[in-house]
Amino acid sequence: MEYNFTAIEERAKQFWEANEVYKVTQIADKPKYYVLDMFPYPSGAGLHVGHPLGYIASDIYARFKRLKGFNVLHPMGFDAFGLPAEQYAIKTGQHPAITTEKNIDTYKKQLAKVGFSYDWSREVSTCDPNYYKWTQWVFLQLYKSWYNKDKDKAEAIDSLMAHFKQNGNTNLNAACSDEQETFTAEQWATMSEAEQQNTLMNYRLAYQSFATVNWCPELGTVLANDEVKDGLSERGGHPVVRKQMKQWSLRITAYSQRLLDGLETLDWSLSMKEQQRNWIGRSEGATVFFQLADGSGNIEVFTTRPDTIFGATFMVLAPEHELIEKITTEAQKAEIDQYIAYVKSRSDIERQAEKKVTGAFTGTYAINPLNNEKIPIWISEYVLIGYGTGAIMAVPSDDDRDNAFAEKFELPIIDVIDKSDYPGATRHDKLGKMINSGFINGMEVPDAIKATIAKIEEMNIGQGKINYRQRDAGYSRQRYWGEPFPIIYKNDIPYPVAESELPVELPAVDSYKPTGTGEGPLAQNKDWVNVADGGVRETDTMPGYAGSSWYYLRYMDPKNEEQLVGKEALAYWQNVDFYLGGTEHAVGHLLYSRFWFKFLRDRGFIDTPTDEPFQKLVNQGMIQGRSNFVYRVKGTNQFVSYGLRKKYETTPLHVNVNIVKNDILDTEAFRKSSPDYADAEFILEENGTYVCGWEIEKMSKSKYNVVNPDEIVAEYGADCFRMFEMFLGPLEAGKPWDTKGIEGVSKFLKRFWRLFKISENGQPQLSDAKPTDAELKTLHKTIKKVTGDVERLAFNTGVSAFMVCVNELIALKCDKRAILEPLVILLAPFAPFTTEELWQSLGNEGSVHQTTYPVHNEAFIKEDSYQYPIRIGKKVRTKIAFPVQATQAEVEPAVLANEVVAQWIGDKPVKRFVFVQGRIINIVI
RNA sequence: GCCCUUGUAGCCCAAUGGCAGAGGCGACAGUUUUAGAAACUGUACAGUGCUGGUUCGAGUCCAGCCAAGGGUACCA
């Protein structure tokens, strides 16, 4: 019987569903294994062939682990809140809930075609009120918590209030907003309700503040730092400007050090950890106060190079620095105002695109505290208000930017480091001996740093400090399609909604458009906004990362109405053993999830052995598109083939890859593809074909290089699609999709099928005879190779091992059940449909996916003798067979006596005889 | 600029420091066929981006450079 994958897939799907083959329950006596895919945002465009790559890999792994005896949790869900649905709603008036549901449905249908072993009864969707109830609940817990730095963990806000009552905020080591002033217990007691709440707000882990935010006018919302790339919004590419707004934020900076330290324990790729480290951006240095020359105040700076302080010949403030107004002299006021206006006129993109040296002098001086020199105070856009203290001591001799600034504005430069002992060292290297630097003269840089910090601490003008680049995470979005905040304002003071009233459901609105005033669409619905006792609801919604920061916990216990995850379920599943997803979430999702996990654990809401949610993380590479081009002769409707294009002046145009086969254009289809091309003429190659150019690019609609998995599955079958995706290359590497290679995998599956000699009535015609040594060797070699490959996620070489195996068995004319049946199980994780059909046609009860994985027997693989390559000089000269267990002493005389060997050695003395058992013999002469 | 990853046949990719090739695509030749397709058999094609180093032995380890992809950036 022919290999009919469509019928096979239908039967398998029905069988799996009827028998709940992928249903997961907790089984106490089986070891657990949690395989997780990053859940997708269900976009309207559906899946392209790039999306399932990771899902297929994790599915193979999950199926493998199941066959190996693990109880595997392998769920799927949807990150369903988000901007595209809302923007579609603005355009069409359709409620995002409806389009989202439709898109989820499309995704699930597409996923079903590929044959994943998800337990859909555990599906979660972040926009489901039963789910976001718990997202809101976590927010409330963050709101009701503060970070105790002494204990290095989050605590309930009650303990903070008790401390305030007793001691005010003295003797308190807490993560706190910068602007918080000290107060006593008495002061706390006399504070008004509003003052007390404002004070507490400076300590809460979810807090509201008046902050400079990334405001995107086009989207009408605020964005988090990681949602802004190059001054443009990540979604949509709209300009982003800085704006002061009242915003909710999460105090993730309280966890910076723990997020950094935790990386050490994780089995993640180096680059992933590095990205998180860079994002957190820890730097060690010192803060130092510089007095103003007139004694009217001081300026605090952060520096990583306190050793260079004797070379600080001027100071620079960020243009947004609050002191500027106060210290600017009358004479310089006009210049400073003009400069600030100039800076404001420049967008982030302009600032980054052209880095001009610009600045203005305030007219005021400060005193360098270590050499008592009077130094001018400038302002410049190269100093950022958001980093450190927004002010620097400028050391032009040891910093490139300060140097450029000093040269342009003719400010003094004092060399403070003699690098002559370190040839090739640059300003960035912390190397050299101090000069012109008073008490640290002659010290090496690292010693000078320590000595200077000690000195400024002794002088009481500063201290050693660790600074983090990471900012608190903005948590407000002026959008509709997100989780509403469980917050009600009374007299402008925010109060949490009672936990018993969760979820605060998203109400209907008339329009999804941003209001433009900075308020989100929810503000329009007055019935919802105004609550009974005069309170007003928060009208912002939560950001995309809210729902995705904890979804992996919900899969463990998706229906629990009492808790976000039940104790028993958590105790069994603990955390994710293997997480697979794209690198694009390196600093967003993965950082927030780690933060939430640590927080929930600190507060005792979850109890797990470690405080990291994702032990092993693998990033699948991006599948790129392979675009095809036609070359239009300029000013004509003539198209010239690739090989001849240089003879003309041409414009390359993208052409739909679906009408190109092996780079040869279907010219008729091309003419039909657009009215513009209806009467196109072609200048062809000598053999009469039109050859297209090609390029590897991102897969996207606009490049006409999108390949839909549904079509591939329809044409080649799901198993072929799965195996081909894996065969493309190493999982983690980026690689282009090129459909033409798929024939090889398709042939393999047909050849594998044919081995079973399925008759017209569906019965395999196999022999029960004893297998030969050669057949056993092929089987056991393949088991060993494939098992190892799956374990190290080398699915591409695994597929190829199956190909080798089938080629060998065909050559051996093997039709033995004892050989072929174990292979069906071995192949099951890769080709779940075909193997299910074969397994059952072989007369087995139940699913092939619930049986036991075969184990290889080394005895069948072992050879008695080995052909040793004999290497003399740089090359292999001959091969001689020896028993595998032969030792050097036994082998050496025989080798030297060999005719060919003797000829190569001639009369030269043998300097060395290298014998590597089972590998090689190398004779050095 | 800095950080990470990757450079092997026309193409995609293999190769615990040990004979550069497992597999696939494509090409070519043949068997089969009225022809094509499919299937089968066979053939050709690189010395591993470049320059050094370590080693008995380097595609693999180390240093520098070049190229591509990704990340990040006036971060003091």
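Below, chain A is the first sequence line, B the second, and so on; all start at residue 1.
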*Watson-Crick or G-U wobble partner for B:A68, using a 3.5 Å limit on both distances?*
B:U5

*Looking at A:Asn922, A:Thr878, A:Val924, A:Val914, which hits side chain to side chain contact (heavy atoms under 4.5 Å, CB included) with A:Arg871?*
A:Asn922

*Which sits closer to the 5' end of RNA chain B, A:Lys879 or A:Gly734, going by the nucleotide each is nearest to?*
A:Gly734

_Test item: side-chain donor near acceptor, A:Tyr468 and A:Thr253, under 3.5 Å_ = no

_In whole Å, measure the gap between the P atoms of B:C3 and B:C65 for me._
10 Å

_Residue matched to B:G36 through Watson-Crick or wobble contacts both under 3.5 angstrom_ = none

Side-chain donor-acceptor pairs of residues 723-733 of chain A under 3.5 Å, sequence neighbours excluded:
unit_1: A:Glu725; atom_1: OE1; unit_2: A:Leu53; atom_2: N; d: 3.4

*asked:* What's the separation between atom CZ in A:Arg877 and atom CD1 in A:Ile923, rounded to the nearest 0.5 Å?
replied: 10.5 Å

_Residue list, ring pair (Phe, Tyr, Trp, His ring centres under 6.0 Å) with A:Phe302, at least two apart or on another chain_ = none

*Who does B:C75 pair with, Watson-Crick or G-U, both distances under 3.5 Å?*
none

Expected rows: protein N/O vs nucleotides 3-7 of chain B N/O, under 3.5 Å:
none

*Given atom NZ of A:Lys465 and atom P of B:C75, what is their separation to the nearest angstrom?*
18 Å

*If you measure from the C1' atom in B:A15 to the same atom in B:G57, how many Å do you get, rounded?*
16 Å

*Rounded to the nearest angstrom, tell me the gap between atom NE2 in A:His585 and atom P in B:G70.*
17 Å

*Say you pick atom C1' in B:C45 and the same atom in B:A67; how far apart are they, in whole Å?*
24 Å

_By the 4.0 Å heavy-atom rule, please label A:Lys747 as base, sugar-phosphate, or nothing._
sugar-phosphate

*Rounded to whole angstrom, note down the P distance from B:A37 over to B:C28.*
11 Å

*asked:* For RNA chain B, which residues of residues 722-732 of chain A approach it to below 4.0 angstrom with any heavy atom?
replied: A:Phe727, A:Leu728, A:Pro730

_Those residues of residues 792-805 of chain A lying under 4.0 Å from RNA chain B by at least one heavy atom_ = A:Arg792, A:Asn796, A:Thr797, A:Ser800, A:Met803, A:Val804

_Syn if the chi torsion is within 90° of 0, anti otherwise; quick check, which is B:G57?_
anti

*C1' atoms of B:G17 and B:U55, separation to the nearest Å*: 9 Å

*Residues in ring pair (Phe, Tyr, Trp, His ring centres under 6.0 Å) with A:Phe289, at least two apart?*
none

*Round to a whole Å and report the spacing from CG of A:Asn807 to P of B:C25.*
10 Å

*Would you say the base of B:U72 and the side-chain of A:Arg469 have a donor-acceptor pair closer than 3.5 Å?*
no

*asked:* What is the distance, to the nearest angstrom, from the CD1 atom on A:Ile810 to the P atom on B:G23?
replied: 13 Å

*Using the C1' atoms only, state how far B:A20 lies from B:C13, rounded to an integer number of Å.*
14 Å

*Nearest-nucleotide comparison on RNA chain B, the residue closer to the 5′ end among A:Arg754 and A:Thr389*: A:Arg754

Under 3.5 Å, sequence neighbours excluded: what are the donor-acceptor pairs made by side chains of residues 745-754 of chain A?
unit_1: A:Arg751; atom_1: NH2; unit_2: A:Asn807; atom_2: OD1; d: 2.4
unit_1: A:Trp753; atom_1: NE1; unit_2: A:Met1; atom_2: O; d: 2.9

_d(NZ, A:Lys785; C1', B:U16) in whole Å_ = 11 Å

_A:Lys777 atom NZ, neighbour heavy-atom count above 12 within 6.0 Å_ = no

Quick test: give all pairs of protein nitrogen or oxygen and nucleotides 54-59 of chain B nitrogen or oxygen below 3.5 Å, distance rounded to 0.1 Å.
unit_1: B:C56; atom_1: OP1; unit_2: A:Arg912; atom_2: NH1; d: 2.9
unit_1: B:C56; atom_1: O2'; unit_2: A:Asn922; atom_2: ND2; d: 3.4
unit_1: B:C56; atom_1: O2; unit_2: A:Asn922; atom_2: ND2; d: 2.6
unit_1: B:G57; atom_1: O2'; unit_2: A:Arg871; atom_2: NH1; d: 3.4
unit_1: B:G57; atom_1: O2'; unit_2: A:Arg871; atom_2: NH2; d: 2.6
unit_1: B:A58; atom_1: OP1; unit_2: A:Lys874; atom_2: NZ; d: 3.4

*asked:* Restricting to non-hydrogen atoms, name the atom on A:Ala801 and the atom on A:Val786 that form the minimum distance, rounded to 0.1 Å.
replied: CB-CG2, 4.0 Å

*Would you mind pulling out the nucleotide paired to B:A22, Watson-Crick or G-U wobble, both distances under 3.5 Å?*
none

*Within residues 783-803 of chain A or reaching into it, pairs that qualify as salt bridge (charged side-chain N to carboxylate O under 4.0 Å, His left out) - sequence neighbours excluded*: A:Lys784-A:Glu858, A:Lys785-A:Asp789, A:Asp789-A:Arg792

_Base-pairing assignment for B:C28 (Watson-Crick or G-U wobble, both under 3.5 Å)_ = B:G42

*Report which part of the nucleic acid A:Gly741 touches: base, sugar-phosphate, or nothing (heavy-atom distance under 4.0 Å, all strands).*
sugar-phosphate

*Considering residues at least two apart in sequence or located in another chain, which fulfil the ring pair (Phe, Tyr, Trp, His ring centres under 6.0 Å) criterion with A:Tyr387?*
none

*Nearest listed nucleotide, side chain of A:Glu743, among B:C25, B:G23, B:U72*: B:C25

*asked:* Among B:U16, B:C40, B:A76, which nucleotide has an atom closest to any side-chain atom of A:Arg751?
replied: B:C40

_Gap in Å between the two P atoms, one belonging to B:G69 and one to B:G64, rounded_ = 23 Å

*Taking atom types as modelled and ignoring hydrogens, do the side chains of A:Glu300 and A:Thr389 form a donor-acceptor contact shorter than 3.5 angstrom?*
no

_Strand partner of B:A15, provided both Watson-Crick or wobble distances fall under 3.5 Å_ = none

*If B:U51 has a Watson-Crick or G-U wobble mate with both distances under 3.5 Å, name it; if not, just say none.*
B:A63

*Mind calculating the distance between CG (A:Leu749) and C1' (B:G23) to the nearest angstrom?*
14 Å

*Just jot down the side chain to side chain donor-acceptor pair (under 3.5 Å) partners of A:Gln275, sequence neighbours excluded, or say none.*
none

*Rounded to the nearest 0.5 Å, what's the gap from CD on A:Glu322 to CG on A:Leu317? Could you check?*
10.5 Å

*How long is the gap from NE2 on A:His585 to CG on A:Leu590, to the nearest 0.5 Å?*
8.0 Å

*With a non-hydrogen cut-off below 4.0 angstrom, is A:Asp400 in contact with a base, only sugar-phosphate, or nothing?*
nothing

*Starting from C1' on B:G71, measure out to CG on A:Leu591 and report it in whole angstrom.*
15 Å

*Kindly write out the residues that satisfy side chain to side chain donor-acceptor pair (under 3.5 Å) with A:Asn898, not counting sequence neighbours, or none if the list is empty.*
none

*Taking the side chain as every heavy atom from C-beta outward, state whether A:Leu411 and A:Pro396 have any atom pair closer than 4.5 Å.*
no

*Take atom CD1 of A:Ile623 and atom C1' of B:C13, then tell me their distance rounded to the nearest Å.*
14 Å

_Selection from B:C19, B:C13, B:A76 that lies nearest to any side-chain heavy atom of A:Lys735_ = B:C13

